[in-house]
Amino acid sequence: MTDVFADLVGQDEAVVTLRRAAASAAALLRAAAPALSRAGAPAAGGADPAGGYDDLDALAEQVDGPGTADDRAGAEPGAGMTHAWIFTGPPGSGRSVAARAFAAALQCVHGTGCGHCPGCHTTLTGTHADVRLVVPEGLSIGVNEMRALVLRAASTPSGGRWQIVIIEDADRLTEAAGNALLKAIEEPPPRTVFLLCAPSTHPDDISVTIRSRCRVVPLRQPPAGAVAEVLVRRDGIAPDVAEWAAAAAQGHVGRARRLARDPEARQRRDAVLAVPRRLTGVGAAFDAASALIEAAEAEAAASVAEVDEAERAALQTALGAGGTGRGAAGAMRGSAGQLKDLEKRQKSRATRAQRDALDRALVDLAGFYRDALTMALRAPVAPVHTDTAALAGAGAQKWEAEGALRRLEAVLECRAAIEANVKPRIAVEAMMLALWKG
Ligand SMILES: [Zn+2]
């Protein structure tokens, strides 16, 4: 009963678009290789199941009839299948969940995303041979990584359906990597599908040329009620906890799930929400800034430590650490370079993790001052943080709407400054002083 789209919370329109595209894609496969798809298996050894055609758009016209693609007159937008897609929406709206679900529907042996067949299952668990997921580890996705990916994506799908590349946070592509990707999207191999995820289609997030080659699937910030429902249904979380977590996470599904399940995530949030109470003077403001920065560093270090260590061990094994035979000296020189590369990548990933952790803290803090503001205005809206509502109410009385708004703006300015590469400690100190002074 639950198919691959079941976890796309509050995104009915996007789901309709994706279901239709998956059905169209399945029809394309049937038309291209009727014997193969009826047999349910690709031809063995070298035979190319995609060999029957090389132009997806031309085939789409045959299958769906003329007028299916978006740019044809009288077309019904979103009906057909296309090679490149962008999923946009605010953090936590489920961009990557949507991309994975769509990938599963494309690989589904029934062509629907049934959620139970091997195609669906292996795609969702990340083990499908023809689905590659790129998650940026550092601040950006580099050109070498992208070139290698594009090359592999051009090969014939081993499962006889589609070769799929999912790029999470496509807004973190470097310009060179973007160009490498653009080339592939401009002249896509017949069975290759690119699924990009980005916050928006703003040129800062995705280049205009890439955007112009992709179909956009916009996702909305899901309502708290829908988030709570999925936490209860899918994760078996108690309804009252789910409701609290969904509100506190402000529509971010993954964050809501973490808050509901992970006591450490709750503790970190409690510490952040204790900040407004702690700001009793200049010294306290600097202390609070240090505490916030250090908590973000600790959280980030914990989140990357395990994978860092595993990578280092894997590289050392691959390089044959401790080898002394002939050629070992040359190998050592080469391996020093590889180790350095790895350290560079890991450092970049750690920086990203720190920024993400700090940003989560700032979003929580912004929620607190937003609550104070709505209370001062007596606006009929539910608080973000039900557990600190009393404190926000006291703030509302003391600061009034104007003071609450100034504080909210100080938090948002801090986020913007960090995004613009101001050193996080300086931005956070300035914010804490502004919050204290009001
Ligand atoms: Zn399936």
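Start at 1 and go down the list; that is how both ligands and their atoms are numbered. Heavy-atom basis, side chains included; hydrogens, waters and symmetry copies ignored. Along the sequence shown, residues are numbered consecutively beginning with 1.
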Going by salt bridge (Lys or Arg N to Asp or Glu O under 4.0 Å), name the residues that satisfy it together with [X], two or more places apart in sequence or in a different chain.
X: Arg19; result: Asp3
X: Arg220; result: none
X: Asp308; result: Arg349

Side-chain donor-acceptor pair present, Arg213, His83, cut-off under 3.5 Å: no
- request: Using distance alone, with no hydrogens and no angle criterion, decide if Gln163 and Arg152 have a side-chain donor and acceptor under 3.5 Å apart.
  value: no
* If only atom types and distance count, is the side chain of Asp205 paired as donor or acceptor with the main-chain N or O of Ser200 below 3.5 Å? -> yes
Count of protein N, O or S atoms below 2.8 Å from the Zn ion (ligand 1) equals 4
